[in-house]
Protein chains: 2
Amino acid sequence: MGKAVSKKGEQPSVDKTNFETLNGFTGYHLKRATNLMMSDLNATLKPFELRLLSYTALVLIVDNPRIRMSQLAAAMDVERPNMVVIVDALEGRELISRQRLENDRRAYALNITLAGRSLYEKATVAVRGHEERLTRQLDAQTRDKVIEAIKLILKIGGVAHT
Amino acid sequence: MGKAVSKKGEQPSVDKTNFETLNGFTGYHLKRATNLMMSDLNATLKPFELRLLSYTALVLIVDNPRIRMSQLAAAMDVERPNMVVIVDALEGRELISRQRLENDRRAYALNITLAGRSLYEKATVAVRGHEERLTRQLDAQTRDKVIEAIKLILKIGGVAHT
DNA sequence: GATATTGGTTATCAATCATAACTAATTATC
DNA sequence: GATAATTAGTTATGATTGATAACCAATATC
């Protein structure tokens with residue numbers, strides 16, 4: 001957790017760790033920043049009893065009314081069996097509803113409930129606060145540049161969706 | 001700005017998923033880019049029978065000869081018990097060596113072996129290739145700007161080490 | 001109309017990560 | 001200088017996450 005605190009007055013048997021090589025890797029910085037942001041995000045969502053995946057599901061259902069579970073799973077890059085437990089939990093809390101499709105009775109249309117929308121809105125306010133806190137030092141211009149750069153990386157990887 | 005969702009009444013959204021809200025979050029882009037890079041990195045390291053953590057350990061041992069296990073664990077943000085299995089595996093392959101410290105016989109000094117250095121060098125060439133491939137679209141200037149921005153985020157989070 | 005495919009589900013398993021408790025050695029306290 | 005507290009490393013174990021296989025019901029394909 002915390003950084004090692006050197007005891008006063010004695011020469012530390014080990015000096016500060018040298019991160020020279022790792023610092024040369026973009027992926028290293030990306031991963032550390034992501035770890036930090038995901039950790040803070042989970043703490044942000046905790047009061048709402050939401051986690052990264054359940055919140056993401058809520059968001060996508062709000063933005064995509066009547067989305068199917070399989071489409072949601074694909075959008076979230078989650079295996080279908082794992083999607084089931086996420087949806088089960090959200091439905092159990094009556095934040096979303098499953099509704100059989102008339103035209104394809106295998107599938108469900110997922111919709112947000114009133115309670116779900118209310119929670120979504122509160123959580124999203126908190127998430128925007130978390131984002132603002134963690135990217136405060138970045139002027140909007142820089143932040144946009146970062147996102148642009150990241151999108152380029154995603155495009156190269158062939159997983160860009162926008 | 002929003003991608004037009006088919007406005008044909010109550011049709012299920014079998015069309016493109018709308019990521020509007022998620023796209024507004026820096027953390028979302030960060031995480032997706034990181035997922036992509038980590039996945040590609042693991043594939044890159046596979047031929048060397050290394051994983052993210054074992055490779056990172058190798059790098060830090062090369063850059064910090066005689067580093068202690070606990071310092072390595074702290075640097076990698078890994079719990080000590082989990083560090084043990086990583087070090088065990090690397091030592092089992094004779095890529096690194098444990099050496100008791102004379103001045104503190106509880107601790108070990110970790111060092112790279114000749115075989116370890118050789119593997120490290122080959123793997124690092126591959127990793128640099130992987131980095132180059134995934135950040136090819138970014139001019140050096142942009143990449144540096146991204147890293148600077150990420151470092152700012154890390155500083156706010158209080159986990160910056162450089 | 002038989003066959004293949006798809007959406008969702010269940011059960012299960014592997015991988016990852018964290019925690020508790022132990023030993024041996026060192027440091028702190030009186 | 002004996003005792004207590006702390007630290008480095010280890011072992012065993014448990015929780016959480018993520019992936020796979022097999023299944024049922026509905027739809028699509030030929």
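Note that this is a predicted model, so its numbers are computed, not measured. What you see below is based on every heavy atom in this structure, not just the backbone, and it leaves out hydrogens, waters and symmetry mates. Per chain, numbering begins at 1; letters A, B, ... match sequence-line order.
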In this structure, how many angstroms lie between the [atom2] atom of [N] and the [atom1] atom of [X], rounded?
X        : N      : atom1 : atom2 : answer
A:Asn35  : C:dA18 : CG    : P     : 10 Å
B:Asp104 : D:dT7  : CG    : C1'   : 8 Å
B:Gln99  : D:dG9  : CD    : P     : 13 Å
B:Asn42  : D:dG18 : CG    : P     : 15 Å
B:Ile86  : C:dA18 : CD1   : P     : 11 Å
A:Leu101 : D:dT27 : CG    : P     : 10 Å
A:Glu79  : C:dC13 : CD    : P     : 18 Å
A:Asn103 : D:dT27 : CG    : C1'   : 11 Å

If you compare every side-chain N and O of B:Arg98 against the phosphate oxygens of D:dT10 (OP1, OP2), does one of them come in below 4.0 Å?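 Yes.
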ask   = Does D:dG9 have OP1 or OP2 sitting under 4.0 Å from an N or O in the side chain of B:Ser70?
value =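 It does, given that an N or O in the side chain of B:Ser70 lies less than 4.0 Å from OP1 or OP2 of D:dG9.
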* Give a yes or no on whether a donor-acceptor pair under 3.5 Å exists between the nucleobase atoms of C:dA18, that is its base, and the side chain of B:Asn82. =>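 Yes, the side chain and the base share a sub-3.5 Å donor-acceptor pair.
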- Base, sugar-phosphate, or nothing: which does B:Arg80 touch, judged by heavy atoms less than 4.0 Å apart?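 Base, at least one base atom sits under 4.0 Å.
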| Across the strands shown, which category fits B:Arg100 at heavy-atom distances under 4.0 angstrom: base, sugar-phosphate, nothing? |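 The residue B:Arg100 makes no contact with any strand.
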Nearest non-hydrogen partners of [X] and [Y], listed with the distance:
X        : Y        : result
B:Ala149 : A:Leu138 : O-CD1, 3.8 Å
B:Leu90  : B:Leu50  : CD2-CD2, 4.3 Å
A:Met83  : A:Leu72  : CE-CD2, 3.7 Å

### Message
How long is the straight-line distance from CG of B:Leu22 back to OH of A:Tyr55, given to the nearest 0.5 Å?
### Response
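Result: 7.5 Å between the selected atoms.
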Would you indicate which nucleotide in [options] comes nearest to any side-chain atom of [X]?
X        : options               : result
B:Arg106 : D:dT6, D:dA19, C:dG7  : D:dT6
B:Met69  : C:dG8, D:dA26, D:dT10 : D:dT10
B:Pro81  : D:dA26, C:dT9, C:dA20 : C:dA20
A:Ala107 : D:dT27, C:dG8, C:dA18 : C:dG8

**Prompt:** Do B:Tyr108 and B:Arg68 have side-chain N/O donor and acceptor atoms under 3.5 Å apart?
**Reply:**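 Not at all, the side chains of B:Tyr108 and B:Arg68 share no donor-acceptor pair under 3.5 Å.
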